[in-house]
Number of protein chains: 2
Amino acid sequence: MSPKRSGPTPKVDPKTWVPVTIRDVAKVAHVSTGTVSNVLNRPDIVAESTRQRVLDAVESTGFIRNTQAYQLRGGRSHTVGVVVLDVSNPFFTEMFRGAESRLQSEGYVLMLGSTDDSIEREANFVRAMEEHRVEGVLITPVAADLVSLSGLKTRGVPTVLLDRKATADEFCSVTVDDVRGGELAARHLFETGHAEVVFVNGPTTIRQCRDRRQGVRKAVRAVAKAKKVEVTELSVGALTVRNGEEAVDRILAMSPRPTAVMCANDLLALGVLRGLAAHGVRVPDDLAVVGYDDLIFGSMLSPALTSVRQPALELGVAAAELLLDEVRNPDHRHREVRFEPELMVRASSFKSS
Amino acid sequence: MSPKRSGPTPKVDPKTWVPVTIRDVAKVAHVSTGTVSNVLNRPDIVAESTRQRVLDAVESTGFIRNTQAYQLRGGRSHTVGVVVLDVSNPFFTEMFRGAESRLQSEGYVLMLGSTDDSIEREANFVRAMEEHRVEGVLITPVAADLVSLSGLKTRGVPTVLLDRKATADEFCSVTVDDVRGGELAARHLFETGHAEVVFVNGPTTIRQCRDRRQGVRKAVRAVAKAKKVEVTELSVGALTVRNGEEAVDRILAMSPRPTAVMCANDLLALGVLRGLAAHGVRVPDDLAVVGYDDLIFGSMLSPALTSVRQPALELGVAAAELLLDEVRNPDHRHREVRFEPELMVRASSFKSS
DNA sequence: TGTGGTACTTGACACGTTTCAATAGGTAGA
DNA sequence: TCTACCTATTGAAACGTGTCAAGTACCACA
């Protein structure tokens, strides 16, 4: 019943599965290995009766094609590597989902790794994926420069940067216009009558924070002629709930008292909301609050949080699309697919007066 | 400069990377392929000067070992497959993180796939992973029976079930005691003085829902002698925010009016909270609310949501540990690692009176 | 019976690596 | 000088698959 290996039978633990090769199948079906291979890859050129016999043999032996041998012979690996900063961040998971849904339908399997902002881990992953001969890589690079990706470039591994711009001679990329997002949020506050706004921002070593700040300034300039607005920037050490909560004291101590708070991120905004609640400050009546990222729970808070949505899923799909083009299209040109953020206006910024 | 392939040079697009093999390296270093292999795998047995020469050649050619060839020759794949129901569910992402952190340090790369509850997709993933000769699989099976995993079993692929029990002769598994979790939550309500409790539960086709209900009943029986308590079960179609919100009308229509609501899941609880807020019902003063899962945002709501925490990260680590044992230890025995859920008491169930 | 053609099937080779028996070159002891 | 032994290196075989030139069997037709 169970297939035996040819040659001198090695001592075999009965619990151990003896790998079934195409040769074993051939033996069972009384054909050559070439015919088995044909049945598997070009079923049309083999006679009906033979084909059936081979298929039965495949079934009865439990044969499973060895991808490494297939690949070694010249086949494709049907594998794509995805390297993100942090899998547990919903933004990245959503992006992964998007890429997965697109690539899965093309028969690819995804390898996933989190770098946790470590250059070393990133290098390890990229290395491992190159060794596995992935057909492409989707990556959120850790470092500002792209030297860590030079290997991918010189070896011609199709690569798409996620949420990170690159010049056309380097890589394809999918991005969200963070400047625009910052502008949208700020403009919204100005338009709803707020003139004294606090911008709680994270460290400017993070590109997203820099860009969003730039957007805020742009909105200020745009509105400056029509009315007088004042934006004070408050810098915090990290984009976390705690940092947002801690910022509240500084916000309430400001004079003149601001009427709105814009946060570089939803977690900060959440912290701010909690801090304000603890101080008995009503939102949005006493103080309006706007976040950024539109994390899933934002819409479930009360008051629901106004936020800037980033189309993470679409980013993932687009990245997959770019990758597929680079893999298949010989005249592929690198390009950037830029997404527009969208302001989701909810109760936290709704001026009831 | 750029390495050429031996034999009749095929027409090579200059943009295309010519794969560098161990043979190319050997040629550059003026040694045999065997020596290159030795430098890579057992550096100690090759002379210092030769080793250096080979390493230089590896560097200058940009050689990257071909894993498929390595593997075909008998090496390990250093790959583990992870199949979950839904990557965007935080519970699974956390679990993935746990497994990743453990397996990464052992040099494994993870392949990830979401089945979205589709048997067919599950089969495809498992198939693909077997073809890739993963060393093991971590999986949340879709179906109640385990027939879809019989292939893994007969072929001896080390497999660990996630959040799903199996008998010892089948697979290893990591689980959370949902009965206990349900019991904890219900008991907490009884102990804080609630006698009229609504249990908003999802479809009992879901094992978790069945188990949690069983826990609730257990708590009722345990407390029955000491005092009289009444638990009414309210069944909803799915574990979503919307379903929770819709359940509120039915809750408020009940007579006698319950004093506490226990939800089978945090999303339901969130919906209930929103619905109650819309009706002007105060939490916890008019009605206490308890959830399940302890999703990250629960602690950030106001009132913060009391919930049952599942140690997802630890589950992932434990699963990885079981897998490693099965891969390495010849006397491995299947076992179940069961985790205890933990009740996180917060404001939503705190009786202020 | 021979010829040509069709419809399948075969078997050896290549892919890139590791392993291992064989060999070369050197050194020390007799 | 011969032998024995060690160290360092070599080269061929093997892993499981797909491809393709070559082969076989069969049939129809002259």
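Each chain gets a letter, A, B and so on, in the order the sequences are listed, and its residues count up from 1.
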Which whole-number value in Å describes the distance from [X] [atom1] to [N] [atom2]?
X: A:Leu72; N: C:dC15; atom1: CG; atom2: P; value: 9 Å
X: A:Arg73; N: D:dT17; atom1: CZ; atom2: P; value: 13 Å
X: A:His78; N: D:dG18; atom1: NE2; atom2: C1'; value: 13 Å
X: B:Arg65; N: C:dC15; atom1: CZ; atom2: C1'; value: 17 Å
X: B:Ile64; N: C:dG16; atom1: CD1; atom2: P; value: 15 Å
X: A:Gln71; N: C:dC15; atom1: CD; atom2: C1'; value: 11 Å
X: A:His30; N: C:dC8; atom1: NE2; atom2: C1'; value: 18 Å
X: A:Arg133; N: C:dC15; atom1: CZ; atom2: P; value: 15 Å

When you check the phosphate oxygens OP1 and OP2 of [N], does a side-chain N or O of [X] lie under 4.0 Å from one of them?
X: A:Thr21; N: D:dG16; answer: no
X: A:Asn66; N: D:dT17; answer: no
X: B:Arg42; N: C:dT18; answer: no

Next item on the list: Return the nearest nucleotide to the side chain of A:Arg23; candidates are D:dA12, D:dG16, C:dG16.
Entry: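 Ranking D:dA12, D:dG16, C:dG16 by closest atom to the A:Arg23 side chain puts D:dG16 first.
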
Just wondering, do [Y] and [X] contact through their side chains at under 4.5 Å, heavy atoms?
X: A:His132; Y: B:Thr79; value: yes
X: B:Leu146; Y: B:Pro141; value: yes
X: B:Phe92; Y: B:Val82; value: no

Minimum heavy-atom separation for [X] and [Y], please, with both atom names.
X: B:Val317; Y: B:Gly98; value: CG2-O, 3.5 Å
X: B:Asp169; Y: B:His334; value: C-CD2, 4.2 Å
X: A:Glu336; Y: A:Thr175; value: OE2-OG1, 2.8 Å

Check: Within the structure shown, what part of the strands sits under 4.0 Å from B:Gly74 by heavy-atom distance: base, sugar-phosphate, or nothing?
Finding: nothing

Notebook entry, point to check: Does a salt bridge link B:Glu106 with B:Arg328, judged by any charged N lying under 4.0 Å from a carboxylate O?
Noted result: yes

What are the atom names and distances for every N/O pair under 3.5 Å that joins the protein to nucleotides 4-9 of chain D?
from	atom 1	to	atom 2	distance (Å)
D:dT9	OP1	B:Thr50	OG1	2.2
D:dT9	OP2	B:Ala47	N	3.1

